[in-house]
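Just so it is clear, the values below take in all heavy atoms, side chains as well, and ignore hydrogens, waters and symmetry mates.
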Amino acid sequence: MARFVVVVIDSFGVGAMADVPQVRPQDIGANTCGHILETFPALSLPTLEKLGLINALGYTPGMMQPSPDAVWGVAELQHEGGDTFMGHQEILGTRPRTPLRMPFSAVIDKVESALRIAGWHTERQGEGLSWLLVDGAVAVGDNLEADLGQVYNITGNLSEKSFDEVKAIGRVVREQVEVGRVIAFGGKLASTRQIFDAVEEKEQRYVGINAPRSGVYQHGFQVVHMGYGVDETVQVPARLHDGGVMTVLVGKVADIVSNPHGESWQNIVDSQRIMDITRQAFTARETVFICTNIQETDLAGHSQDTARYADRLRLVDRELALLIEEMTPDDCLIVMADHGNDPTIGHSKHTRENVPLLIWRPGQAPGRLGLRATLSDVGATVCAFFGAEAPENGRSFLPLIMSARNSKDD
């Protein structure tokens, strides 16, 4: 019996990376975890505290304290910026490539022509910068939540168009552009007017739909992420499949990572349901790799809502305690993040932050993983744990975990 679980608390960074002043000056001073704890100094997250969250944070902004028993480290982002899609590809062993950056306005002619050839009706919207309205119910434009210029959104009213139609529009767009990601998604809206009311411009170059404000996440949400330049055959799910181990993906990670031979729980946002599924998948199998994403923390960051962020952390902390109770000494848990999204920094985009690496194995002695150069070290560790071929990228820290384990046994 050997089970390995990675829980990604989406956007829960522990401080701006050292290169931020040069590459992302808008993120100077960002610290998602630290600023939430400063805002709510009485916030208690006993499970994360035990796992070493404050150790990874490096200071004590509230009542929570460092854990003397933790196995912990901190990881840098190897991908540019701070992106959920590339963050999870990196976690699961992809070596990040430098993405193409350009506003949707630079490709709107090419995209509109391709959509019309494919039989879709398009209308340009906007007084200055233009976005596309397709068949009166689907918007195509810049993603305003991720790094600007790297992602295009296809936002659909699923009360008017089926998700299959929204995906078909997304595939046409994907074929025409070379940015890192095209996201096709939608929800059941009372009126397509909600899409129009959520139109925003950024930096006089980008125009798109503010996804949280549009309401698409609230009812019947569905999504598919269409990446560029990601080789799924060298990622953890493929490596583990070759070694006879099943991969279960839960939450947003299931929407953005290929897992054709495993089990993927897609289009789920609710944190309670996500953790319920994670625990069920864990107890149902003697050998399994599970990767879970908690998206609601990221949504709270985009909304700059510290209270909602803290509430979701309480839920996750409580559910992690229940998961830990089910673990045996052969199992392993990693709790981490994929980037930051500091709701106090003054903007609503992701922040480029280091992320915590918190390890739990029952009966393990304290240990330190140090500063890891890439999130892919997690994927490399998962493959080493199961004796599978290493993924494309990353360096396993399994020897450090086992060293701490052996010192406890001694």
(request) Could you tell me whether a side-chain N or O of Arg314 sits under 3.5 Å from a main-chain N or O of Asp317, the two making a donor and an acceptor? (result)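 Flag not set: sc Arg314 to bb Asp317 has no pair under 3.5 Å.
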(request) Please state whether the rings of Phe386 and Phe289 are parallel, tilted or perpendicular, taking 30° and 60° as the class boundaries. (result) perpendicular
(request) Classify the angle between the aromatic ring planes of Tyr217 and Phe185 as parallel (below 30°), tilted (30 to 60°) or perpendicular (above 60°). (result)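 Taking Phe185 first and then Tyr217, their aromatic rings lie parallel (interplane angle under 30°).
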(message) Exactly one of Arg24, Arg352, Arg181, Lys349 should register a salt bridge (Lys or Arg N to Asp or Glu O under 4.0 Å) with Asp83. Which one does?
(response)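 With Asp83 as partner, salt bridge (Lys or Arg N to Asp or Glu O under 4.0 Å) holds for just one option, Arg181.
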(request) Is it possible for you to check whether Arg3 lies under 6.0 Å from the centre of the six-membered ring of Phe282, through NZ or CZ, and within 45° of that ring's axis? (result)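 Yes, a cation-pi geometry holds between Arg3 and Phe282.
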(message) I'd like to know if the side chain of Gln194 pairs up with that of Ser191 as donor and acceptor (distance under 3.5 Å, no hydrogens or angles considered).
(response)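 Side-chain D/A pair, Gln194 to Ser191: absent.
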(request) Answer yes if the side chains of His79 and His339 hold a donor-acceptor pair under 3.5 Å, and no otherwise. (result) no
With [X] via salt bridge (Lys or Arg N to Asp or Glu O under 4.0 Å) - residues at least two apart:
{"X": "Asp298", "value": "none"}
{"X": "Glu80", "value": "Arg101"}
{"X": "Lys167", "value": "Asp164"}

(message) Looking only at the aromatic ring of each residue, does the gap between the centers of Tyr206 and Trp131 stay below 6.0 angstrom?
(response)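 No: the rings miss the under 6.0 Å criterion.
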(request) Could you tell me whether Glu319 and Arg279 have a side-chain N and a carboxylate O separated by less than 4.0 Å? (result)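 A salt bridge is present here (some side-chain N lies under 4.0 Å from a carboxylate O).
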